[in-house]
Amino acid sequence: MANSSKPKVAVWKFASCDGCQLSLLDCEDELLAITQEIKIANFPEASRAVIKGPYDLSLVEGSITTPHDMTRIQEIRRLSKVLITIGACATSGGIQALRNFKDINEFISIVYASPEFISTLDKSTPISTHVKVDFELRGCPINKMQLVEVISAFLSNRKPNTPEHSTCVECKRKGTVCVMVGKGTMCLGPVTHAGCDALCPTYNRGCYGCFGPKENPNTDSLAKWLISNGKTSDEMVRAFRSFNAGSDAFCKESQVNEEKD
Amino acid sequence: MGHACYRIFLKTVPYIMNKPEVIGKEGLNRLIQILTGMGYQVIGPTVRDEAIVYDSVHSIEDLPAGWTDEQEGGTYRLKKRSDEALFGYTLGPHSWKQFLHPPERRLWQAQKDSLGFDIVPEKLNNIKYAFLGVRSCELHAIAIQDKVFIQSPHTDLHYQSLRQNALFVAVNCGQAGNTCFCVSMQTGPKVEMGYDLVLTEILDDECHTFLISAGSDAGKTILKAVEAKPAGENEVKRAEEIIANTANQMGRTMATENIKELLYENVEHPAWEKIAGRCLSCANCTMVCPTCFCSTVEDVTDITGDHAERWQKWDSCFTMDFSSIHGGAVRNSTQSRYRQWMTHKLASWQDQFDTSGCVGCGRCITWCPVGIDLTREVAVIRESQPDQAGKLSGSGGQNENS
Ligand code: SF4
Ligand code: SF4
Ligand code: SF4
């Protein structure tokens, strides 16, 4: 494909750990093919070069946590034909959304020597709170094969295959023995969006919910079942308050259990 | 060898039991070696991740000697037995469906060329599986999947090929699990159809033997090579006792009388909403069910767009995509999805395939993360019927008498 006709793709970073951007660099085998099909216009983790917009596709990592970010995301949206968020921060506010449950000023005064230099918002919010998002890719971090799938789908103008069903479906397709039924290990898989190929259960751990709530998540039933099997409300608060604490379903479930506690 | 699947549906009468013979543990090991020597990949029970799963077995050393399982709605635990039984467990999380109707499989590939694109069909898999330790309910489940995949206007050639090549070494259950109800579904515990060889494990005092008989010509030939001894009257009697004892141990029961009408008449019932309060729509029940056959197809293109593949993957009536049509999903609520699942299993399956879709294996009860129990839910609906109250009391749900 001639360089000029290649779609221009930009990667943007907001409040995040860069792990999702690194997933793109981690696509070692596919990276060459990817760069042959697209023109990377901006990619902070890979290069300092920036090509001016507009962009055919923007991949946005991170959540909005400062007034400056709020204006920057508007500008990026304006310059992007298609905007796809990558990862839990961009999609639900990330681990930094834990601030949403507390008083931000208290944190600032405890953590920083000169709090007057800190300009931050009291909530960490997903990109979709601020601008229209065309597609959200889940995960903390995202699964690199899903990222390749999303880019391939974008290039072929088709819907990506990123099913919204439970992580359990992935366990069962792999033949993994359910850690919850088989060992009584707490697992968020039944309410968690698939995408990681059931990584933790495959290694005998319960799912931590890195991909956020699945379609139609019944967190209430799962929490009640876990509590009736010996877990505490406090443990439920902590389970639902991690990388996707800011997602509607997990946020609500953690609050319900916090009130019980 | 006669094609196993045709045998199942052409012969509705059980195979006339061949004269039973007896082997010891070495004989069983010999059987595994003979099957391997014949080019079969022997799949049987083995312990992995604190459960008894189905995987490759190379000798009796791989079998779960001395292990059993304890099951309840939403829990499964391996326990040590006081003896060294090789088949002293009931059912684990896996079913033979994993092999005959694999969870993920490529259907075809397409390659772009100057004229358009070329379709590359997928070659039929000609693995010869020998399944060891197949239970009666599981043979019934396979017969049901035969109806779906082979005796349908759209035969699944991949399934058909694997199925026709497969050999079944069945086992009569020596004990029933706490979530079993094959007696209610008339699918066990005695192996009566669809097998090439059948074993009954006998563990008495110092003796550990297996009553073995053939159910097909292939089974007969193999049995000859195993060099078994003719069984004595005592052993035959003991095996019958074991099976009868298992039949009395069912952990669950389900009254099946008029069950189709019962469910059709209760499309609107408060029970559905209550179940939906607990159901996670996680799809575990359908994935572990040995008769559930639903799948989805995914089309993928690579980065260049020159190569495309179509994959078939297990899907479930509990996922939203599954009931998506133009304009959205037709069954949005968990209530309607659970109702669809149970009504299909127990009622409309009868209209569609002339058989129940449930063989009473209990997997959906054990492997439901929140222990939802279809026998209990059927009983709730049945007990709420004015003319049924009292009449069928004691049926459904956990068997209190066992
Ligand atoms: S291990 Fe977790 S994700 Fe896997 S089937 Fe069990 S509950 Fe679901
Ligand atoms: S519905 Fe449940 S009990 Fe019946 S065959 Fe399926 S998994 Fe077994
Ligand atoms: S019945 Fe149980 S296993 Fe089935 S979808 Fe509901 S919660 Fe999951």
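Fair warning: this is a prediction, and the values are worked out from it, not measured in the lab. We use all heavy atoms of the structure for the numbers below, so side chains are in, but hydrogens, waters and symmetry mates are not. Here is the naming used below: chain letters follow the sequence lines, and residue numbers restart at 1 for every chain.
Under the 3.5 Å distance criterion, the side-chain polar atoms of A:R173 are left unmatched by any main-chain donor or acceptor of B:E104.
Residues A:E164 and B:M320 fail the side-chain proximity criterion, which asks for heavy atoms closer than 4.5 Å. Counting heavy atoms from C-beta outward, A:C178 and B:W367 have side chains that approach closer than 4.5 Å.
Considering CG of B:D315 and NE2 of A:H165, their distance stands at 6.5 Å, rounded to 0.5 Å. Here the NZ-CG distance, from B:K313 to A:N161, works out to 7.0 Å after rounding to the nearest 0.5 Å. Atom CD1 of B:I303 and atom CD of A:E30 lie 8.0 Å apart (nearest 0.5 Å). Atoms NE2 and NZ, from B:H94 and A:K172 in turn, are 8.5 Å apart once rounded to the nearest 0.5 Å. Rounding to the nearest 0.5 Å gives a distance of 11.5 Å between OG1 of B:T304 and CD1 of A:I34. Separating the CG atom in B:D49 from the OH atom in A:Y203 is a distance of 11.5 Å, to the nearest 0.5 Å.
A 6.0 Å sphere centred on CZ of B:R106 holds more than 12 heavy atoms belonging to other residues, nucleotides or ligands. Within a 6.0 Å radius of CD in B:E273, other residues, nucleotides and ligands contribute 12 heavy atoms or fewer. Around NZ of A:K174, the count of heavy atoms belonging to other residues, nucleotides or ligands within 6.0 Å exceeds 12. Counting heavy-atom neighbours within 6.0 Å of A:N157 CG, excluding the residue itself, gives a total of 12 or less. Dense packing is recorded around NZ of A:K260, with more than 12 heavy atoms of other residues, nucleotides or ligands lying under 6.0 Å away. Shown here is A:K159, whose NZ atom has no more than 12 heavy atoms of other residues, nucleotides or ligands within 6.0 Å.
For a residue to count as touching a neighbouring chain, one of its non-hydrogen atoms must lie under 4.5 Å from one of that chain's; by this rule A:E149 touches chain B with the side chain only. Within the 4.5 angstrom heavy-atom criterion, atoms from both the backbone and the side chain of A:L222 approach chain B. B:F322 does not touch chain A: none of its heavy atoms, backbone or side chain, sits under 4.5 Å away. In this structure, chain A has a heavy atom under 4.5 Å from the backbone of B:D299, while its side chain stays farther away. With a 4.5 angstrom heavy-atom cutoff, B:A276 touches chain A only via backbone atoms. If you measure heavy-atom distances from B:S316 to chain A, you find no contacts under 4.5 Å at all. If you measure heavy-atom distances from B:V53 to chain A, the contacts under 4.5 Å come from the side chain alone. If you measure heavy-atom distances from B:D69 to chain A, you find no contacts under 4.5 Å at all.
The residue among B:P93, B:G74, B:G305 with the most heavy atom pairs within less than 4.5 Å of chain A is B:G74. The most heavy-atom pairs under 4.5 Å with chain B, out of A:T192, A:N204, A:V191, come from A:N204. No other option in A:P190, A:S166, A:S152 has as many heavy-atom pairs under 4.5 Å with chain B as A:S152. When A:S156, A:G182, A:S228, A:C187 are compared by the number of non-hydrogen pairs under 4.5 Å with chain B, A:G182 comes out ahead. Among B:T75, B:D55, B:N284, the residue making the largest number of heavy-atom pairs under 4.5 Å with chain A is B:N284.
The shortest heavy-atom contact between A:V169 and B:C282 is CG2-O, 3.7 Å. Residues B:E298 and A:P163 come closest through the heavy atom pair OE2-CG, 3.9 Å. Nearest heavy atom pair, residue B:P369 against residue A:V181, reads CA-CG2, 4.1 Å. Here the closest heavy-atom approach between residue B:G277 and residue A:N218 is recorded as O-ND2, 3.1 Å.
A donor-acceptor contact closer than 3.5 angstrom links the side chains of B:S281 and A:K214. Of the N and O atoms on the side chains of B:T334 and A:N216, at least one donor lies less than 3.5 Å from an acceptor on the other residue.
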